[in-house]
Every structure is written in structure tokens, then in C-alpha cells.
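Below is one structure; the comments refer to it alone.
So that the names make sense, note that chain A is the first sequence line, chain B the second, and so on, each numbered from 1. All figures in this text were calculated on a predicted structure; none of them were measured in a lab.
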Amino acid sequence: MALHQQYDLTSRIAAHLDRHLVFPLLEFLQERQQYPDDEILKAKIELLSETNMVDYAGDIHKSLYHTEEVPKEMLDRRAEVVMRLKSLEDSAAPLISFLQNASLVQELRPDKQYNLMMLNERYQIGPDQIEALYQYAKFQFECGNYSGAADYLYQYRALCTNSDRSLSALWGKLAAEILMQNWDTALEELNPSFFLVTPTLQNFSSPLSQLQNRIWLMHWSLFIFFNHENGRNGIIDLFFQDRYLNAIQTNAQHLLRYVGTAVIVNKRRRNMLKELVKVIQQEQHSYKDPITEFLECLYVNYDFEGAQQKLRECEIVILNDPFLGKRVEDATFSTVPLRDEFLENARLFIFETYGRIHQRIYIGMLAEKLNMDEDEAKRWIMNLVRNSKLDARIDSASSSLIMGTNHLNIYEQIIENAKNLSMRTSVLAKNILENVQPQGSR
Amino acid sequence: MASRFWTQVLRDRSWSRRGRRRTQTNRYLKTDNASDSDDSDGQRRIVRSARDKRLDEMAATLDQIRNAMKINDWVSLQESFDKINKQLEKVARVIEGDRPPSLYIKALVMLEDFMAEALANKEAKKKMSSSNAKALNSMKQKLKKNNKQFEDYIIKYREKPEKEEEEEGSEFEEDLTNISKPDEEEEEEGEEGEGTGEGAWEKKMSKKDKLMDKQFMKDPSEITWEIVDKKFKEIVAVRGRKGTGRIEQVEQLTFLTKVAKTPAQKLEILFSVISAQFDINPSLSGHMPINVWKKCVENMLIVLDILEQHPNILVDDSVEPEEKETQKGADHKGTIRVWGNLFFKSLQCIDPHTNEYVKRHRDEPMFLVLAQDVQDYLERLGDFKAASKVALRRVELVYYKPQEVYDAMRRLAERRADGEDKDDAEAGEEGLVQEEIRGPLSFVVVPEVASRVPSFPESSRAFMDSLISLIYKHGDERTKARTMLCDIYHHSIFDEFAVARDLLLMSHLQDGVQHMDRSTQILFNRAMAQLGLCAFRGGLVPEAFGCLSELYTGGRVKELLAQGVSQSRYHEKTPEQEKLERRNQMPFHMHINLELLEAVHLICAMLLEVPNMAANTHDSRRRVISKTFRRLLEMSERQTFTGPPENVRDHVMAATRALTKGDFQQCFAVIDSLGTWKLLREREAILDMLMAKIKDEALRTFLVTYSSCYDSLSLDRLAAMFGLSEDHAHSVASKMMISEELQASWDQPTRCIVFHNVEPTRLQALAFQLTDKLNILAESNERAYEARTGGGLDGLPPRRRGEGQDYTGGGGGVAASGKMGPFLPHRGGGSRAAPVMAVATGSVVGSRAAAGFQGTVVGKVAEAVAAVVVATLRVTILGDTRIHMAGAHTRRR
């Protein structure tokens, strides 16, 4: 099996996604041309068969079999869908017309109970209509009208009293936002929803469903995190919470790829690396891909050759991953920004670790290790030295790099040890005095 | 050998029974006492001659009593009574055990009856002479008082005089029955409908049996449902009574099953048969005779057949439908459990190396079949709770079997299925001859519907999985926990360490195991041990050590794994404890090899501890990984002469000595010579793994130990020294550099390690120590403060406070450096002083008022500390002459 297919996670991820959310993944696969087009189109039809996006399914069918015929069952289903849409629209109509009238909406207040009462008394909109709104929104979503669904769900949540329903409305809204690629809104949405998922699920539902919800949330959030510019921090913050990390280890080890990538790419969260490596080691029997193996080579075995090799594989994996391999199309050429960042940072990682245990390194050797040619490597190192990121000098004669002694000076160590003593003691003294004075004045 | 073992078992068992009786005489004796006569029998045999004399004396006295009774002479009766009491004491000394001889009891019974008679007969009483009447009255009192002690025996005796008599010899028998025959006996006999007189019960029973046979033999066709029912009720009524021999009862009942008219009736009778068969087993700690056990299995299978065949049986037939429904469900669950225990126990008791043990194992599939059928049945009934319990039984039979053993069992079961008929014909020949000839053929022929052949899936994993999923769905907490442990054990056997580990961690079993029952705890220990072995086989040394070290901390592995009792020198165990332990013992085939376990544990400890010791020789804060290992090492180092290694421990110690020197070949050779490795499946692979590990650790030890002797060391040489590949050596050394175990770095162009040799000078080391200790000081200050304000601890123990006082008199400034030793919080002179540190501020402490000084003291401490550190630093840095002063100072202190 080709490398990219071997590490393709689509099927594993799809299990934890909404039907509609799988769609973008399939699109990506199609674009990458990893699989025969026919297969993907078939998968798409399969996917759509349970939704109400009948027209679209019909189109795909046509392009798949190169006919103008649409099978009968699709037509039947279409008729059915349209009928159902009508009926739902009718039943939700009163509420929708109310909500569409801006001046009437003004009358709503933050108090939910009041709103319900008011609606019931003045406009004869009872729980039935509100329920109908939910159903209607859901149907809209199924039909692929995400923006409408998102609006209705938003309004539904303002009126809904049932917490379960509210939760599913929340999921629905999140999905709709993701599908509309409103990353900002989605990220905002994610916050309340994930606050909601964390505590309520903790209290009311079984551990199993908690786990499931967390895993869903993590999968869904991948869309957001790898598309929003602030997502890199978000993903680390979320995934490294104990509960979520446990969930990953229990049932979604493949997410380690994304965590790993995020940590490597994110310069500011370097401190998470240790923890991540520990987790990767624990899970190495159940999940392995070039990215985790790269980290393992580098931080467990100090096998630089291996890390090098894995890095090359990482590139392929990243390019073929629907989340990581997002392209930015410029006027003239297209790049995958994440890949560049990943490679750059990974290179730095290798170099750092290598430098830490070496006193003298050939630049030629280094260049090879870093996947660069010698001049490039020299320039790269010089930049590092200049930016005082690296304590080293280049010995031009022997064309080698001499690392500064990196072990701590003994005096520094002693000072380090005694550094905060005085502070600690004075805090203690202050505390005692605070304690004493009230008693003394008594 | 075998025979000695047997006697031992015998004695043990009778002993334990006695112990048991002592504690619960009452209940036990009322319900069942056939065993009683059995084992008192055994006891007597041992001390025949000595007691005979005493018993003869007693018999003579009994004669006297009898004579006195005849002439109604209460005065001499009274004398005899006193005499017999004295004799009792003597007899008691001779007979071990606290049970009075039945002769004595007989006398008591006689007296009591006679007394009752005399009292009842008012006229005769009036006629008595005054002395006689007086004696009668005092006798009444005495007897009443005396008999109370032996109440149980008397009751028992009354119920069943013959057995006792038979043992005693029969000469008194006739007399006794003439004089006073317990009324009860008459009643029972009447009930039996035989109406015959004085004959011994035993004979009667067998006679009756034959009678019954005859009765049925005459005209089998005429036997009606009613007759069978009546007979059945009779037998059941007798059950539990004392006179009935259990085995006979079983026989009778079995006979009845043959003549039973309807399936329902047969079912009913079979239930009684089964419970009667269980009754044969006299006590909890013993086990059922094997043949009975086998018959019992047969019966249960037949029951299942009937149930399978007649799902509507409870409704169709007239025999109390509802009642039976409930009874049956309960029955099954109970029986199957008891019954599995019996199997287990019998294995426990039988000597492992005998042929018999092996034979017994052959019965295992039989049990599995039964369990499977019962489980199916329960599932059909919808009683999933019970079904999961039965499933657990099955899991517990299989979980410890590696695939080979499992396959063997499967083959055995299959072979048995093929040759079943033949086997049966051969084995059952003697038994069948009797049975078939005696009884008519069964009226209700039950075809074998419930499968007699266990259906085993190919792999034991699949088998486990199917059962386990059922249990997780329906089982209760304990069942689930046990299943989980069995599952972990099973995974470990199959070298799936990661899976087993995840299971263990996710189930959080280790948190709750303290609150579980003994056998579950043992199971937990076993699972841990197996997990450790599994980790070792996988080359995961730290994990293996983590699993095993706890088992070995107390030095009671045997007990923890329930594989034999280790003698404790320090405290005697009570008999109850010992008995309990014995009951929990694992049968031999489930044992985990202790030698292997110990070897694995010690080797893991060695691999972890040796580099650790090398790294931390000069460190003040020594980190000890395995205390057990360290202790052993110290012990072996203390020996003047070290002989060639004998046991596992010696081997590992010898290996350790080699490893500390970096001599990996010697180390491996010693470990390789251990015999236990042959128990491992992939011996070669594991030894290779071990070799690799030893090389690694030898390399690490070498680098740490000798780094100060080298300035640089080339990779080639290093790799050659330890027979490692260069990459690997590089990786190991790199790891050490990163973790700062080794102060060195690579010189890439020349491929060598350059050692930095940053060993601190003595002064620097001391300065380090100083800062370390100051840190400790600050910490303990904070802790003391927390304890104070947190309100948890009220100050510190008085002893420590006193010590603190001694150190308040020191000087200030640099002198503080000398006072590093006891950093003890001190309570100041004030009444409610917070526990503040009093180092180097003695002068302050005494003089200030409480509220004032506390803050100051702390402040001073801070200042002083800062001053010390700064001074030391300055001194060090400047290389001033004062260095020597400070150094000397510290040393002196």
C-alpha cells in the first residue's frame, strides 16, 4: 500500500463526525486524487443517501455513471423530502414569522420563562411550535441549508428549556458553522459548547457517553483549529486537558497526529513536548504514524538518522491529511503553509537536540541531517547564532560548528539554588505577621 | 511418599473438623452428625489400649447403675453417678478431644429417663424410704445440672443410639433397649411403616431397601404415580434425620428416579438426589468423593435434559408449579457454585504429582459442559445475572490456560466425545451391573438433549471474549471485577502487555482491591504477577519491576499468591487464620512459578538499580529504587566468602557483582545458568533480550563509574567494549547526556565522547550542600507554618521540640553553616509561638516577646541565610583565604 494511503485517517476520523462533516474530507481526497474518482463518488452518494440533499446526490450520480438518468428511488425521495419540508415549514411558520419580524423580536428578554409566557399568551406560540422550529432547523441542515439551520438553531436555543435538546441544538449549530467555514463564529461556538460538554456531561451522563462526546468534540474541533489562525493554541489547550488526553488515549489514539503536529508547529508551547512524548510512548502499540515516530526517534531514542527519515515521511503525510494539508492558493503557486512550518520547526528540533549533546559538528554533516545543502545550512546556522538563539561558533577552517559549553556553571547553579530563598522566607514572615497582628490587637 | 501425604491430609481434615465443631457445636450437630461418628472413630483407633481400660471401668459403673435402677435404689445410684463423673475426667484425659464417651452419655440418658419415670410415678415416690427420696431429690438436681453440659450429646444420642453402640461393642445393646428405649425411635420406625422391633437401624435400612425393591420388582407396571410420590415423600422426610445413612438415601432416590412416572416427578426427585449428593460431603473444607461428584454431574445433566425437552413442564404437570419454578432457579446457581468449589477443592487436596491428579483434570471439560448448559438455560430463562455468575465460573476455569493447554483441553474434550460410549461402557461396568440389575429400567427415558460435548471456540481468546462480554453486560460488581482480573491475567499470558495494562488502569481496580474479599485479592496479586512476567518477556524492565516490586516488599509472596503458606517466625497464626488460608490455596496446576517470578523481579531490580547506584554514590540524597534488592545486596556483600551461587538470589547477586564492574559477559553467563528459564516459551528470544539489556546497563554503569578517568572515549571503542552496534551505543550515551547523568558531549568529527569533568571541588560541593539544606530549611519552615495555620498538626512532637531548644544557643552569621543538621522548627519562649525556625538566632529568641519576635526571627533567618550564601559565594568566587576557614568550620561541625 502506498504510504499516503497507509496513513490515511479518513475512515477513522469519519466515524466520529457528522455525516455532513465527512463531506469536506471526501472533497479533499478527491482533490488529492489518492483514490480512484469513482470510489469517492460512490462514497459520496452513500453519504448523501441518508441526508436530504437529494439534488446533489442526483448530480453526483450523473457524473459517476455519465448518464442523464437519475434513479427512481432518488426521485421518490426527492418528492418525499419536498413534501416533508413543506409540512415542517407550515408547522413552524408562526414562530418563524414572529422571529423574522425584527420589531417583535425586540420584545424578547433575557428571561426565558418570560419569553415563553409572552409568546404563548400573545402569539399563541406554544411548545409545539418551538419543537417544530427545532425539527425544521434540523431538516434544513439535512438539506444542506446550513446558514438557515444555524439561525434557527440559535433562536431555538434561546427558547428551549430541555437541556438535552439544547445540547443537540448546540452540536447542530457548531456543525453548521463549521460547514459554512465561519471559523470565527465556530470558535466562539466551541467555547460555550465545550464548557457545556465538560461540566454537564460530567454530572449527568454515564462515563461512556462523556467519553464519546469528548471525542466528538475533539474531532469536530479539528476543522476549526486547523483553519482558524488562533487555533494552534486552542488545540493544545483543549487536547492537553486531562480529560481530553485520557479520551485520546482511550479511544482516539489517531488524534495524536494532530496533537503532535500542533506541538511541533507551535513555538510557544514547547513545554508540552515532554508530556506528549510520554503519551506517544504509552500508545505506541496502538497508534503509530510518521509524526509520532519522528518525535519518538528524536526524544526517546535520540536516533537522528531515523528522525531524518521520518521527517521525509511526515511531509507526505501532512500533504495528504485533510486537516494538515490545507493549501493556500496564491496567484502563481500554491503552498501548504503548515508543511513549511512543520518542516522548519522539526529541523530546529533536530538541530537543538543534536547540538545539546555535541561539542563539535561538521557543517556538512549537519546540512545532511537538516535536509539542506551546506551553504544553506551555514546561512541558517549563522542566522540562529546572530539572533542569539544558539550559543555556538563556526570554525571556518575545519568547516565545523563548535557548540558553546552548555552545562551550567557551578556558581550559577548555586545561585540558582539559593535564588528564591530570601523571597520565600520573606513571604513566610509576612504571613506570620499578618496572622499575629489581628491576634495581638485583640 | 504418597501414603504419608494421605495420612497427613486425613489428620488435617479431622483436626479442622474438630476445630470447627468446637466453635459451632450446636448448629452443626443438630443438622448433621454422620461425620461425627466417622471421625471419632478415627480418633479412637489411635489410642485404643489406653482408653479401653478406662472405658471398661466406666462400663462396670454403668452396670452398677443399671442394677440400682432395677431395685430402685437411689442412694447407690447417686454414688454411682458421682463415680462415673470421676471416671469421665480420667477418660477425658486419655481420649483427646472434648467429646465424652458415648458410654457416659448412655448412662446419662438412662438416668434421665429413669428419673422422669420415677418422678412421674407419684405413688412409688410416696412409698420410698426417706433416705431414698432424699437421694432422689438431690439426684434430680445434680442430673439436671450435669446434663445441661452434655445436652447436645444426649439429644443426639437419643436420636441415634445404635451407631454409637455398635462402635462401643454390642454387649450392652440389648440391656439398654430393654431398659429404656427412646420413644422417638419408635416413632420413626412407625413412620417407616415397617413396624419392626428392636433390630439395629442399619440392618433395617438395608432390609427396607430390599423390601422396596421387591415391592417394585414384583410388578413394575403397577407402580403408580401416587406410590412413587408417597415413597419419595417418605424418603425426603427422613432426610436430615439422624439415623439415615446418606449414601443409602442417595441410592434410594436414584432408584426412585428410575421408576418415576412423569418427567416432572423425575425432575423433582432428581433435585433431591442432587442435594442429597451434596450432603454426602460432610464439611466445607473437605471435598466430594470423586465418584459421587461424577454421578452428580450426570444427574445435573439429566435435569437439564428434562428442562430442555419440556419447556412447559412447569405448567403441564400437577406438581406445585410455581413453587418449583423459583426453587429451581436458585438451586442451579447455588449448586453450580458449590460444585465448582468442590472441584477446585478436590484438586487442592490431591497431591499434585500423582496420577490421580491428572485424572481429575480430565473431568474439567465435563464441568465446563455443565456450566455451559446451565448458562444457556439461564439465558433462556432470561436470568442474566445468574448466567453471568456461571459464566464467571467458566472464565475462572480457563483464564490461566495458555493456548497450548487450552488446545490440549479441547482435544481431550473432543476425544472424549468420540469415545464416550466406549468409555462409559468400560468405566461404568461395575457400577452399572448393580444398578441395572437391581432396578427396572427407567420409565421416563430422557434423551440427551443438552449437549454433552463442550463447544470450544478455536482460540481461548475468543472463548474468553464471548463470556466476558456477557458478564460485563449483566454481572454485578464483584463478578465484573473478577472477570476483569481474569481477563488481565489472560492477556498477560498471551503477551499482550499493553492491552492488559490498559485494562488494569482503566478499571481502577488497584484502588478498590483493598476492600475486596480475599480470593479476589489473591486473584489481583496473581494478575499483577503475571502482568509483570509479561512485561519482562516484552523487554519492559521498568514496567515489570513496577508490577512485581510490591509483591516482594513484604517477603510473603507465597501467601500473597496463595501458593503455600510461609512460616512466619514472629507471630503464630490462629487456627482459623490458617484454615482460611488453606481454603484459599491455589491448586497446583494454577501456580505461577515462584522461582521464575523471583528471578524476574530480582533481575529487573538489578538492571535498574546498578546504574542508579553507580550514579548516586556521592550524592547526599540517595535515591533507592528497590529496597529489597539493596538489602539483599548488602547481605551478600557482608559475607566473608562467597561461594558459587546456589539459589536464584545468589545467582542474581553474583550477576550484580559482575555488572557493577561492567563485566556484562560474566553477568549474563551467571543469569543464563539459572534453571528457570526453561519454563519460558521463547527462551532464546528472551535471553537475547536480557543480554541486550545487560549490555545497555553495563555500558551505562561503566560510563558513570569511570567517566572521571577519561578525558575522551571513542565511540568505536565503546561499541566494541560492550559488543553493541555503534548506533545503539550512541543512542544510549546520548540519552545519558540529555538527562544529565553524564557530563559529556560528542565530538562529531572524531566520533568520541568528550568528558567535561565538572566534578565540583570540595568547597563547591559543600556550597551545594549548603544551598540544598537551606532549601530544606525554608521548606520545613513553610510546612511548619502551614501545619500551624492549617490547623492540622498542633505543633510538633515534644521530643523534637526539646532538641530544637538545644540549638538555639548558636552564634549568628556564618556560624549558621555549621548548624545544618537538625533543622527543626522551634517553639519560642512565648505561650503561643508559631513554630518558627530558630537557627542562628538564639539570642533573639529568648529575649523578645512572642508577637514581636516571630516576624523578626523569620526575617533574621532570611537575612542570615542570604548572608551565608552570598558570603560563601563571594568567598568561593574570589578564592579568598577565608575559604579554608569556612571549609574547616563546616567540617568541624
(message) ring pair (Phe, Tyr, Trp, His ring centres under 6.0 Å) for A:Tyr354 and B:Trp746? Distances and angles first, verdict last.
(response) CA-CA 9 Å; A:Tyr354 200 72; B:Trp746 291 103; 9.7 Å; no

(request) Sort B:Asp502 into side chain, backbone, both or neither according to what part of it lies under 4.5 angstrom from a heavy atom of chain A. (result) side chain

(request) Measure A:Gln284 against the heavy atoms of chain B and call it side chain, backbone, both or neither at under 4.5 Å. (result) neither

(request) Return the option, out of A:Arg424, A:Gln249, A:Glu283, with the maximum number of heavy-atom pairs under 4.5 Å with chain B. (result) A:Arg424

(request) Kindly say whether B:Glu496 contributes a backbone atom to a donor-acceptor pair with the side chain of B:Arg501 at under 3.5 angstrom? (result) no

(message) Please classify the contact between A:Asn246 and chain B as side chain, backbone, both or neither, with a heavy-atom cut-off of under 4.5 Å.
(response) neither

(request) Against chain B, label A:Phe304 side chain, backbone, both or neither, depending on which of its atoms sit under 4.5 Å from a heavy atom there. (result) side chain

(request) State whether the side chain of B:Ser780 and the backbone N or O of B:Ile776 hold a donor-acceptor pair below 3.5 Å, judged by distance alone. (result) yes

(request) Tell me, for A:Val427 versus chain B, whether the close heavy atoms (under 4.5 Å) come from the side chain, the backbone, both or neither. (result) neither

(request) Check each atom of B:His728 against the heavy atoms of chain A and say whether the ones under 4.5 Å are side chain, backbone, both or neither. (result) neither

(request) Output yes when a side-chain donor or acceptor of A:His219 lies under 3.5 Å from a complementary backbone atom of A:Ile215, and no otherwise. (result) yes

(request) Taking the side chain as every heavy atom from C-beta outward, state whether B:Lys693 and B:Asp696 have any atom pair closer than 4.5 Å. (result) no

(message) Under 4.0 Å between a side-chain nitrogen and a carboxylate oxygen: does that hold for A:Glu313 and A:Lys310?
(response) yes

